Structure formats: C-alpha cells, structure tokens
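Here's the structure we're looking at; comments come further down.
Index from 1, following the sequence. First listed ligand is number 1; within each ligand, the first listed atom is number 1. Please read these numbers as outputs of a predicted model, since none were measured by experiment. Atom set for the values below is all heavy atoms of this structure, side chains included, hydrogens, waters and symmetry mates excluded.
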Amino acid sequence: MDFSGTQTYLNLARGFAGECQAGMRYQLTAKMAMQQGYEALANTIRTIAKNETNHARVFFKTLLENAGSRDDIRIDASFPFHAGTLEDNLRFAAIDEQDEAENLYPEFARIAKEEGFGQIALKFEQVAKVEENHKIIFGYLHEAFKDGSLYATQRPMLWICGECGYMHTSNEAWNICPLCGASQGEVELHLPFKKENI
Ligand SMILES: [Fe+2]
Ligand SMILES: [Fe+2]
C-alpha cells in the first residue's frame with residue numbers, strides 16, 4: 001500500500017504540527033517566566049521547548065523518508081490553544097503532556113504497529129516516554145510555583161547559583177547570591193524525573 005494512504009502517514013503529520021505548536025507555546029511561557037524574573041524556570045521550559053522542536057524534526061524526517069516531499073498534507077486534528085498566567089500555563093502544559101504521553105502517542109504507536117510500521121511505532125513510543133517526563137516536570141513546577149516551594153523546601157537542599165556556581169545547603173535559597181549578586185530566579189531548580197523511563 002502507498003504510504004500516503006495510511007493512518008500512520010497522517011499521524012506523523014499530526015505529530016509534527018502538534019510538536020511545533022507545543023514548542024512555540026513553551027517558548028511563550030518561557031518568555032513570560034523570564035519577564036517575571038524566573039530565569040532558571042525559563043531555562044527549564046526552554047529546554048523542554050527544544051525537546052518538542054526536535055520531536056517535530058524527527059516526525060518531519062520520518063515522513064519525508066517514507067512519503068517523500070509533499071506540497072500539501074490535509075489533516076483533521078485539534079490542538080490546545082489555552083493560555084493564562086504563568087501558573088496556569090504550567091498547569092496546562094502538564095495536562096497536555098499527560099494527554100500526549102498516555103493517549104495520543106500510545107494510540108499512534110498502536111496504529112503504526114497494526115499497519116506494519118514497527119520502526120515508526122518505536123519513535124512514537126520513545127516520544128511518549130519523553131512526554132511522560134515532561135508531564136512530571138511541568139506538574140512539579142506548577143505545584144512548586146503555586147505553593148511557593150520552588151525555592152523553599154521542608155528539608156535542607158543544596159542550592160546552586162546558575163550564574164556563578166555558588167553553593168549552599170539550607171531550607172531556602174538566598175534572595176541575592178552572596179557571591180555574585182544574582183537574583184533568586186537564577187538559582188537552579190530541583191527537577192524530578194521518572195527513573196523507569198531512563
Ligand atoms: Fe514532544
Ligand atoms: Fe513534551
């Protein structure tokens with residue numbers, strides 16, 4: 001069967017469009033974080049935005065390899081357009097990542113397998129695992145941002161200045177770095193990850 005007649009062909013195009021948009025939404029959220037003085041948070045969000053852009057690149061490349069260059073691909077799909085405060089956007093991102101990790105990409109992988117595209121199914125599964133970690137990170141960031149625990153913790157933690165590398169263990173990060181004078185927003189975050197996904 002011609003590849004362009006398969007569901008997997010359309011799903012790659014959907015995945016490409018979705019990842020491009022996620023990357024852009026996160027860039028906008030990172031900019032918002034930057035404007036509010038949360039530099040380390042902005043860097044984390046930018047790294048995730050870069051991940052999404054590279055997922056888009058993988059899907060684009062896979063589509064080209066299997067179907068060749070196309071002038072036009074018509075897809076029926078819906079994409080999130082929610083936006084709000086920085087706190088809202090972190091929550092929206094966690095919800096979107098969860099949907100990608102638990103519904104969208106597992107379904108794309110299942111269909112790809114059914115259609116006999118094992119290697120493409122593997123790509124969808126690999127991306128789903130990354131999105132699962134993105135969900136965990138955004139979920140943590142949203143909760144920590146909301147309850148003020150981004151830089152204040154129950155037990156002592158090692159805080160590191162993202163600018164000069166100054167380190168100190170305490171329950172709360174400094175407001176102004178004692179070594180270089182950088183603001184609290186530059187202090188590196190304590191990000192969680194799912195060990196089973198590694
Ligand atoms: Fe992605
Ligand atoms: Fe993601």
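- A donor-acceptor contact closer than 3.5 angstrom is absent between the side chains of H134 and E100.
- H134 has its closest N, O or S atom to the Fe ion (ligand 2) at the position named ND1.
- Applying the 6.0 Å contact sphere to NZ of K123 captures no more than 12 heavy atoms from other residues, nucleotides or ligands.
- Among the heteroatoms counted here (N, O or S) of E52, OE1 is the one nearest to the Fe ion (ligand 1).
- Looking only at distances, a side-chain donor or acceptor of D88 sits under 3.5 Å from a matching main-chain atom of T85.
- Using bins of under 30°, 30° to 60° and over 60° for the plane-to-plane angle, the ring pair H82/F92 lands in the parallel bin.
- Around atom OH of Y166, more than 12 heavy atoms belonging to other residues, nucleotides or ligands sit under 6.0 Å away.
- Closest N/O/S atom of E19 to the Fe ion (ligand 1): OE1.
- The Fe ion (ligand 1) has an N, O or S atom of H55 under 2.8 Å away, backbone or side chain.
- At a cut-off of 2.8 Å, E97 coordinates the Fe ion (ligand 2) through an N, O or S atom.
- For E131, the nearest N, O or S atom to the Fe ion (ligand 1) falls under 2.8 Å.
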